[in-house]
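Input: a single structure, listed below in structure tokens.
Every number for a ligand or one of its atoms is a count from 1 in the order of the listing. Residue numbers start at 1 and run along the sequence shown.
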Amino acid sequence: MLNIKVFGIVQGVGFRPFVKNLADANKIGGSVANRGSYVEIYAQGDDFDLKNFLNALQTENPPRSAILKVDVNHFPDKNFSDFRIIDSVHEKGDIFVSPDIAICEKCAEELFDPNNRRYLHPFINCTACGARLTIMKNMPYDRERTSMGEFPMCDACKVEYSDKNSRRYHAQPICCNDCGCEVYILGKNLRGHDAIKFSREILANGGIVAIKGIGGFHLACDARNFDAVQRLRDSKIRPTKPFAVMFKDVSSVKRECLLSDAEKSFLDSPQKPIVLLQKKIGSIAENVAPNINKLGAMLPYTPLHLLIFDFPDEIKDFPDALVMTSGNPSGVPITIDDDDAIKNFGFCDAILSHNRKILLRADDSVMDFIENRPSMIRRSRGYAPLPIFYDSNKKSVLAVGGELKNTFCLAKNDLFYASPYIGDVSTLQTVEVLEKSIARMKNLLEIAPEVVICDLHPRYQTALLAEKISKELNVPLIKIQHHYAHILSCMAENNHHGEIIGVAFDGTGYGADGTIWGGEFFICDEKNFERVASIKPFKQAGGDKSAREGWRIATALIGDVAIARELNLAGDAELRGQKFLLENNLNCVTSTSTGRIFDAIAAILGICNVSTYEGEAAMRLQAAAEKAMRNAKCVMRNENLSTDKIFAEVLTRRLNGEDVCELARFFHDALAEMTAQICEDLSRRTNIKIVALSGGVFQNSLLTGLVTEKLRRGGLKILRHELIPANDGGICIGQAVAAINR
Ligand code: ZN
Ligand code: ZN
Ligand code: FE
């Protein structure tokens, strides 16, 4: 008899029923059980059958499962009359919690089949699809340990749940039109199909509806309706930050956006992330994603989404594209329950909610592409908490992450579990959400941290929380430099060990010397780092405002208020004020932030003086550069420049009246060239041939593409982010790696 332990994503994906069917087909006796951390199989049969069974186990596994390791041991034979699934027995070990999975094709078909008993049922799901992480209380994954535990199954559902030939054999969130959860309009006596029809009516007529989804509420309106979008912007106080659009299907996406095969494979994957696509001229209102050339597109991923688009009622011409933006007041994590929805969404024409509790928030994941490979911007629903593997010393660690775009990481036994997106955690309310989420994930993954790690920044709320947790757990607290954490995160994603050249370009991070860093070159490995170069330090004056108002940086770099005035960078009084700060060294910090250089260039080119959301200036600068590359044959230059020289050249050419798009392109190219040359120089001196690129600036696909191309030309190997964000959403993994190696 064989004892087989299967590690990986084997819970909540129909793995046990699959094993049972396979065993029956191969005349195998024995049992299969969820052990919380793995699936354990006892298999008895003749050698030939066992071999086939073992082989098929690893090659024909269910589509949503992922096998990471299989342990096989021989045991003395027992008397088995058949093969059975036995109830969950809880054991400790490595836990693989499944992310939430978009509705599968079979369920989508049944949803619109009038003869099916789940016809138009907004919660249809099966062993291959549906909510997972967001409804889990504890492991192992069984109905009573999820939000569905409070809903008794009807007899028909019970039959399916216990029928090994059913697609819903042990599908924990199973329910139907006769049992389980239901949708309703908050504050109105409208439930079920009436609630869906009412919402469609409002959306079709240009209204705004808050819709409860898998990991939180969305705010929805017709994406083709300028006025509706504007009302949403005004109500949410979000003047220009791009909104994501949910399209009815792939063909409506193609009408509005360019879609490559690689992009389509992710857009339409079981994770269904938001994918940033090149816009075409179509019917999407221009205020959905103003001033930039990309649009965040996604496809429906819950049965309720499909019903919103396609409910068979009298409404004609229902929009095939809806703005679907995270339902949260600005700076606060996504809303997940009815009380908060009523508080936060008073401006909506309706709130479409349901009574299946969301236990853990999960925003939509957002993905861009660089050179036809994914570049994750926000890793959350569908991906979290899939672990990444990085050989280390198996210590248990909690890394609390950064202050903006926060995610945290729990690590144990070489597995690094990054949480869903928490967001900006600079306020008390958001820190509370972070603290609760940490407690929930710690419980779910059964990790007892032996060490807590946070950023070096003395004023980060996350650092205070880390201190509190480390005291509560009575374990040491470690602090780590922000940009080194970025680079470690990139090394971990690529499972790379040993010395590398690390290039970290981003907005702001607290430097080891107390100044602001953000344009750093390191020689480092997983244990130590040395800062060997940076972009040329400059004065960042004006406090918090200087991170949003590129004209302030530009004024400092120009060093001459007369020129700043000539370029119309700001009003007279503001310019005088800024000059005063700079001359008297008031409210000034020394900075090497690459993000701020982008802001300054965007300001002197008249592209963006003040950002209304993080990264706006850089995104618009990139869009301008790409316009120049499309319009003219670009001349790639080979120049050895430092950022102050690049800035000076852009300024001179700008004052000469040259085309701003061409200058935006020149800036990207010159910065990439300088970066590559510094790396080549470091490589010559150290004989290190590998360069890791991390930090939010490398979300800029144009810059990253150019740097990569130039480094390859110099014979260097590049480590880049794909499924872990290059921005601060990825640093928790780097922090965890640092803590383990300390
Ligand atoms: Zn399904
Ligand atoms: Zn039922
Ligand atoms: Fe950062």
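Below the 2.8 Å limit, the Fe ion (ligand 3) has as protein N, O or S neighbours H482 NE2, H486 NE2, D506 OD2, D728 OD1.
Here the angle centred on the Zn ion (ligand 2), running from SG of C179 over to SG of C157, is 110°, rounded to 10°. Centred on the Zn ion (ligand 1), the angle running from C104 (SG) to C129 (SG) is recorded as 120°, rounding to 10°.
Both tests pass for R381 against the ring of Y301: distance under 6.0 Å to the centre and angle within 45° of the axis. Annotation: cation-pi pair R531/F522 absent, no NZ/CZ under 6.0 Å from the ring centroid and within 45° of its normal.
Checking Q540 against S546 by side-chain atom types alone, a donor-acceptor pair falls below 3.5 Å. For the 3.5 Å distance criterion, the side chains of E403 and T462 qualify, holding a donor opposite an acceptor. Checked by atom type, the side-chain pair H218/D364 shows a donor-acceptor distance below 3.5 Å.
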Item to check | side chain to side chain donor-acceptor pair (under 3.5 Å) between E520 and T594, worked out | outcome: CA-CA 9 Å; E520 314 309 313; T594 316; over 6 Å; no
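Partners of D525 according to the side-chain hydrogen bond (donor to acceptor under 3.5 Å, both in side chains) rule, which considers only residues two or more places apart in sequence or in another chain, do not exist here.
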